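Predicted, not measured: the structure shown is a model, and the values here were computed from it. Hydrogens, waters and symmetry mates play no part in the numbers below; they use all other heavy atoms, side chains included.
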Amino acid sequence: MKAVMLMFDTLTRNHLAPYGGDAITPNFTRLAQESVQFNNFYVGSMPCMPARRELHTGRYNFLHRSWGPLEPFDFSAMQALRQNGVHTHMVTDHKHYWRDGGATYHTRYSTFDFIRGQEGDCWIGQVEKPQIRWQGMEDEETRRRRAGRMTQDLINRAAMPTQQEHFTHRTISAGMEFMQTNCRQDNWFLQIECFDPHEPFFVPEKYLAQYGCTPDEFDGWVPYYCDSPGGKDDGKARKFYQALMTMCDDYLGQVMDKMKALGLWEDTLFIVCTDHGFLLGEHQWWGKNIMPVYNEIARTPFFIRDPRCLKPGEQREALAQTIDIPATLLDYFNVERPASMTGRPLLPAVENDTPVRDYGLFGYFGGHLNITDGESVYMRCPREKGKENLFEYTLMPTRIDSPFKVSELTDIRIHPGFDFTQGAQVMQIPASFGYLNPWRFGDKLFNVKNDPQQAQPLDAPPKAFAMAQAMLPLLREHDAPPELYVRFGLEALTPEREQAYAERWQQDDALANTPWRCADRGVYEALMFISKAAEQAGIDLPTLLAACAADAPLQGSDILQLVERHFTGDRQRALAYQARLLLRVD
């Protein structure tokens, strides 16, 4: 038994030709013709490392934990394969495996190969730093971290002047070398994992030329933003992303051809997948993490060619998720799945579209609780505005590139653990990490079968209530922390309480209690944010608002005018950036 999983990061399905996209992707079309294409494949936990924890454990991460490593008690499908005589090998240029928040994943494999240079990977040592240009104006800590990545990225790019040095070329080549070496052997699993087409979009010129672009037109970094990212030509960002997809398509074709040349195509399980998608202007949003999880992010491409059941060119509507991938691998290699794994093998769906699940949860830690049945998507926001009733449960208190701050570790409690911690107690740490407050976006309901662009939110309380009810068994199945039921108003779910929440959200207590009239909660949040910055600059609130009309509610345009009137330079641009994010309530 042999298996190959080719994984791309941030591969957005609506750009791929087999899913109706207009990027140049002939090899994805060829793959669809020779494998089974899933049309309702959804993420579970996001972003990068939460998704990879699911690839090992086969259960949701985001209910208990933000970004972090595999825990000491976690089951790892890759380790289980290794322990059952299957050689597991990973080759990747995904730098997060070698950072604080991901450093326990790669060692679960029998062997691994790390390709250097991606996204500001701390690779080439150069004391003199190049100058960077950056149009995003996040908070100072985020800006400093991103500036460091961008600077190192420029240094790294200088070491890759041709496509042969490009990290994706080297990653794919290393994966094909493993296949070449081991094609006559049995019992192995190969994971080829490319960080592309994740930003920054570092694209060889020959692929850019297919979209009428040249390398000097865009540096490849996309700010996570609303409305426009501020570039002189936003269309360039999309073209650079699609050019990178075309490069990924080229290397997909090389992997397929290599498998055929080595005689692996007919008897090797082949999976092509991703961790999540990306917004490039859809819904007037750019990026991920900071907005509701629209389907451009949540519904991902997935292809599988299973030698036990070859169904070339067929499509499947069965709902499936990331947590089903490790279950499928264990099933394929006849390795027993643990009770903690809630993912299900996909073979029944591959065979004849037999459903493997009725519903799937997905989301970010601290964000909306999202559920889909494949036809509808319901996004349920917390019933509180801050981080009340939100805790991290971990024995490994690290994040993307650092340990937790000492200040975050001064109020730890010891929790008895959950059904997946194998009797281990864990730290319960009050959450301080989180993206924008999901309360401000409210609940959202879409029929994605009839409205695939999610352009028309539904006002259908009975359907929303039914979807909320469907969350409960999934939360119980995943031993969700009790406080999450309170946070999302699910501890006593009734139509009356749902109606009361809807009325409270429309009125918004913060708006009702403020002496300043604001058009909506986004304007109010932006005003509070700007007023704090003004106070630090010695400007009191009456002075800040002196030029605003007293007889009309404050609008978003008023907030941006306040920023322009009272601040200058980088501070002005940074505040405008943050204010625009807070003003968005959809």
Side-chain angles (χ1 to χ4, degrees), residues 5 7-13 38-71 74-78 96 102 105 193 271 273-278 288-289 292-302 304 318-330 337-338 340-346 349 355-374 377-380 393 418-420 435 438 448 467 470-471 473-481 484 488:
M5 182 169 75
M7 183 175 180
F8 298 100
D9 196 299
T10 315
L11 186 69
T12 308
R13 63 171 258 167
F38 276 66
N39 295 327
N40 277 307
F41 200 94
Y42 276 79
V43 300
S45 303
M46 296 170 290
C48 296
M49 298 323 290
R52 281 151 185 83
R53 191 179 180 203
E54 293 192 353
L55 279 174
H56 284 252
T57 65
R59 62 179 298 123
Y60 301 136
N61 169 90
F62 78 102
L63 299 175
H64 301 85
R65 185 72 166 90
S66 62
W67 184 298
L70 275 177
E71 301 279 352
D74 276 345
F75 173 84
S76 166
M78 312 314 169
H96 295 312
Y105 291 90
E193 184 174 337
I271 292 172
C273 61
T274 189
D275 52 355
H276 52 70
F278 198 73
K288 58 181 187 289
N289 299 349
V293 189
Y294 292 108
N295 264 6
E296 288 84 358
I297 302 171
R299 189 163 61 175
T300 59
F302 184 81
I304 182 169
L319 177 64
Q321 292 192 272
T322 303
I323 58 174
D324 298 322
I325 296 176
T328 301
L329 290 173
L330 294 182
R337 286 175 288 135
S340 62
M341 182 173 283
T342 56
R344 289 122 192 214
L346 293 176
V356 298
R357 61 178 64 254
D358 295 323
Y359 296 94
L361 291 179
F362 60 93
Y364 299 107
F365 176 81
H368 281 83
L369 187 60
N370 307 279
I371 188 170
T372 184
D373 58 4
V377 168
Y378 174 56
M379 307 173 179
R380 187 175 180 89
Y393 293 94
F418 299 92
D419 62 5
F420 59 92
Y435 301 106
V448 293
M467 296 292 275
M471 291 176 168
L474 288 172
L475 292 174
R476 289 191 290 267
E477 181 184 10
H478 290 85
D479 201 8
L484 280 192
F488 287 98

Q: Should S45 and F365 count as side-chain neighbours, where that means a heavy-atom distance under 4.5 Å?
A: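 The answer is no; the side chains never approach within 4.5 Å.
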Q: Quick check: closest heavy atoms across T322 and A51, and the distance to 0.1 Å?
A: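 Heavy-atom minimum between the residues: CG2-O, 4.0 Å.
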Q: Do R52 and D9 meet the salt-bridge criterion of a basic N to acidic O distance under 4.0 Å?
A: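 A salt bridge links D9 with R52.
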Q: Are any of the side-chain heavy atoms of I297 and F362 separated by less than 4.5 Å?
A: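 Side chain of I297 against side chain of F362, heavy atoms only: no contact under 4.5 Å found.
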Q: What's the shortest heavy-atom distance between D324 and A320, and which atoms?
A: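 Closest approach of D324 to A320: OD2-CA, 3.4 Å.
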Q: Are any side-chain N or O atoms of R59 and backbone N or O atoms of S340, one a donor and one an acceptor, separated by less than 3.5 Å?
A: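 Checked: pair present.
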Q: Quick check for you: to the nearest 0.5 Å, what is the distance between I325 atom CD1 and M7 atom CE?
A: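 One finds 7.0 Å between CD1 of I325 and CE of M7.
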Q: Side chains of M78 and L329: does their closest heavy-atom pair fall under 4.5 Å?
A: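 Touching, per the 4.5 Å side-chain cut-off.
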Q: For side-chain contact (heavy atoms from CB on, under 4.5 Å), just list the numbers for R357 and I323, CA-CA rounded to whole Å, side-chain angles, deciding distance to a tenth of an Å, and then say yes or no.
A: CA-CA 11 Å; R357 61 178 64 254; I323 58 174; 3.6 Å; yes
Q: Which residue is it: V356, T372, N39? I am looking for the one with a side chain to side chain contact (heavy atoms under 4.5 Å, CB included) to L319.
A: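 Of the listed options, the one satisfying the test is T372.
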Q: Contact between H56 and D74 at the side-chain level, heavy atoms closer than 4.5 Å - yes or no?
A: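 They are not in side-chain contact.
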Q: Classify the ring geometry of F420 against F418: parallel below 30°, tilted from 30° to 60°, perpendicular beyond 60°.
A: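 The rings of F420 and F418 lie parallel, inter-plane angle below 30°.
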Q: Can you tell me how far CG of L474 sits from OG1 of T342, rounded to the nearest 0.5 angstrom?
A: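 T342 atom OG1 to L474 atom CG measures 9.0 Å (nearest 0.5 Å).
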Q: Using every non-hydrogen atom in the two residues, find where A77 and M341 come nearest and quote the distance to one decimal.
A: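 Heavy atoms only, the tightest pair is CB-CE, 4.5 Å.
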Q: Atom CD1 in I304, atom CZ in F41: separation rounded to 0.5 Å?
A: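 Those atoms lie 9.0 Å apart.
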Q: So, using side-chain contact (heavy atoms from CB on, under 4.5 Å) as the criterion, who are the partners of T12 when residues are at least two apart?
A: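 Counting only residues at least two positions away or on another chain, T12 forms a side-chain contact (heavy atoms from CB on, under 4.5 Å) with N14, H15, Y241, F278.
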Q: Could you check whether any side-chain heavy atom of L55 comes within less than 4.5 Å of a side-chain heavy atom of Y105, counting everything from C-beta outward?
A: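 No, too far: nothing below the 4.5 Å cut-off.
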Q: What closest approach, in Å, do M379 and N370 show between heavy atoms, and which atom pair accounts for it?
A: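 So the minimum-distance heavy-atom pair works out to CG-OD1, 3.2 Å.
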Q: Check Y364 against N289 and note the closest heavy-atom contact, atom names and distance.
A: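 Between these two residues, the closest heavy atoms are OH-N, 3.0 Å.
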Q: Is there a side-chain contact between R53 and E71 (heavy atoms, below 4.5 Å)?
A: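 The answer is yes, as the side chains (C-beta and beyond) meet within the 4.5 Å cut-off.
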Q: Regarding K288 and D275, does a basic nitrogen lie under 4.0 Å from an acidic carboxylate oxygen?
A: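 Looking at K288 and D275, the cut-off is not met.
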Q: Determine yes or no for a side-chain-to-main-chain donor-acceptor pair under 3.5 angstrom, with T274 supplying the side chain and F8 the backbone.
A: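 Side chain of T274 to backbone of F8: a pair is present.
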Q: Take T57 and L70, measure what side-chain contact (heavy atoms from CB on, under 4.5 Å) needs, and give me the verdict at the end.
A: CA-CA 9 Å; T57 65; L70 275 177; 4.0 Å; yes
Q: Any donor-acceptor pair under 3.5 Å linking the side chain of E54 with the backbone of M46?
A: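 The answer is no, because no donor-acceptor pair under 3.5 Å joins these two groups.
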Q: Please round to the nearest 0.5 Å and tell me the distance separating atom CG of L361 and atom NE2 of H368.
A: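 L361 atom CG to H368 atom NE2 measures 14.0 Å (nearest 0.5 Å).
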Q: Does L63 reach the side chain of L369, with side-chain heavy atoms less than 4.5 Å apart?
A: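 They are in contact (side-chain heavy atoms under 4.5 Å apart), so the answer is yes.
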Q: With R299, which residues qualify under salt bridge (Lys or Arg N to Asp or Glu O under 4.0 Å), at least two apart?
A: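 For R299, no residue satisfies salt bridge (Lys or Arg N to Asp or Glu O under 4.0 Å) once neighbours in sequence are set aside.
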Q: Does H478 use its side chain to pair, donor to acceptor, with the backbone of H64 at less than 3.5 Å?
A: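 No: the side chain of H478 does not pair with the backbone of H64.
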Q: Return the OH to CD1 distance between Y42 and I371, rounded to the nearest 0.5 Å.
A: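 Reported value, rounded in 0.5 Å steps: 11.5 Å.
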Q: Considering non-hydrogen atoms only, spot the tightest contact between F302 and C273 and give its length.
A: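 Heavy-atom minimum between the residues: CD1-CB, 3.8 Å.
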Q: If you define the side chain from C-beta out and look only at heavy atoms, does anything of M471 sit under 4.5 Å from Y359?
A: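 No. Closest side-chain heavy atoms not under 4.5 Å.
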